[in-house]
Colleague: 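First, the structure itself, so that you have it in front of you.
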Amino acid sequence: RAAMQGHVDSRCNLGMYEADRGNLDRAVRHWMISAKMGHWNSIGVIRDSFMRGFATKEQYAEALRGYQDSIEEMKSHDRDEAKRMGL
């Protein structure tokens, strides 16, 4: 339920659950969603899946683009300034 409500770690874990049961297509879809929500570990899992032939090059590229877009959306001048000031 948490995964469907946007909890990124739960979405990644749901992918692991599906992979453990042999539902690799479903697993990759869950990891794609969590990667696009900014979950770094999902990128690694998709990369590994691509290297093993369970995910396509296009899926890996789409996950990377989605991850990068998510990170860009989270950037803000105020956050960067607070980080610079050590807050």
Colleague: What heavy-atom pair brings Ser42 and Cys12 nearest, and what distance separates the two atoms?
Modeller: OG-SG, 3.5 Å
Colleague: Indicate the atoms forming the closest heavy-atom contact of Phe54 with Gln59, along with that distance.
Modeller: O-OE1, 4.5 Å
Colleague: Side-chain heavy atoms nearer than 4.5 Å, only ILVMFWY residues, links allowed to pass through others: does that put Ile71 and Trp40 together?
Modeller: yes
Colleague: Given the rule that I, L, V, M, F, W and Y join up when any side-chain heavy atoms are under 4.5 Å apart, are Ile43 and Met37 in one cluster?
Modeller: no
Colleague: Can you get from Tyr60 to Val45 by hopping between Ile, Leu, Val, Met, Phe, Trp and Tyr side chains that sit under 4.5 Å apart?
Modeller: yes
Colleague: If I take atom NZ from residue Lys36 and atom CD from residue Gln68, how far apart are they, to the nearest 0.5 angstrom?
Modeller: 13.0 Å
Colleague: Starting at CG of Leu64, measure out to CG of Asp69 and round the result to the nearest 0.5 Å.
Modeller: 11.0 Å
Colleague: Do Val28 and Met51 belong to the same hydrophobic cluster, where Ile, Leu, Val, Met, Phe, Trp and Tyr are linked whenever their side-chain heavy atoms lie under 4.5 Å apart, directly or via other members?
Modeller: yes
Colleague: Taking the basic N atoms (NZ, or NE/NH1/NH2) and the acidic carboxylate oxygens, is any pair closer than 4.0 Å for Arg65 and Glu62?
Modeller: no
Colleague: For a quick test of reading the model, state the closest non-hydrogen atom pair linking Ser49 to Trp31 and the distance between them.
Modeller: OG-CZ3, 3.4 Å
Colleague: Taking the side chain as C-beta and beyond, is there a heavy-atom pair between His39 and Tyr67 under 4.5 Å?
Modeller: no
Colleague: Measuring only between side-chain heavy atoms, which start at C-beta, is Ser34 closer than 4.5 Å to His30?
Modeller: no
Colleague: Any link between Ile46 and Leu24 through a network of hydrophobic side chains (Ile, Leu, Val, Met, Phe, Trp, Tyr) touching at under 4.5 Å?
Modeller: no
Colleague: Is the number of heavy atoms from other residues, nucleotides or ligands within 6.0 Å of CE (Met74) greater than 12?
Modeller: yes
Colleague: If you compare all heavy atoms of Ala27 against all heavy atoms of Ala19, which two are closest, and at what distance to 0.1 Å?
Modeller: CB-N, 3.7 Å
Colleague: More than 12 foreign heavy atoms under 6.0 Å from CZ of Arg21: is that the case here?
Modeller: yes
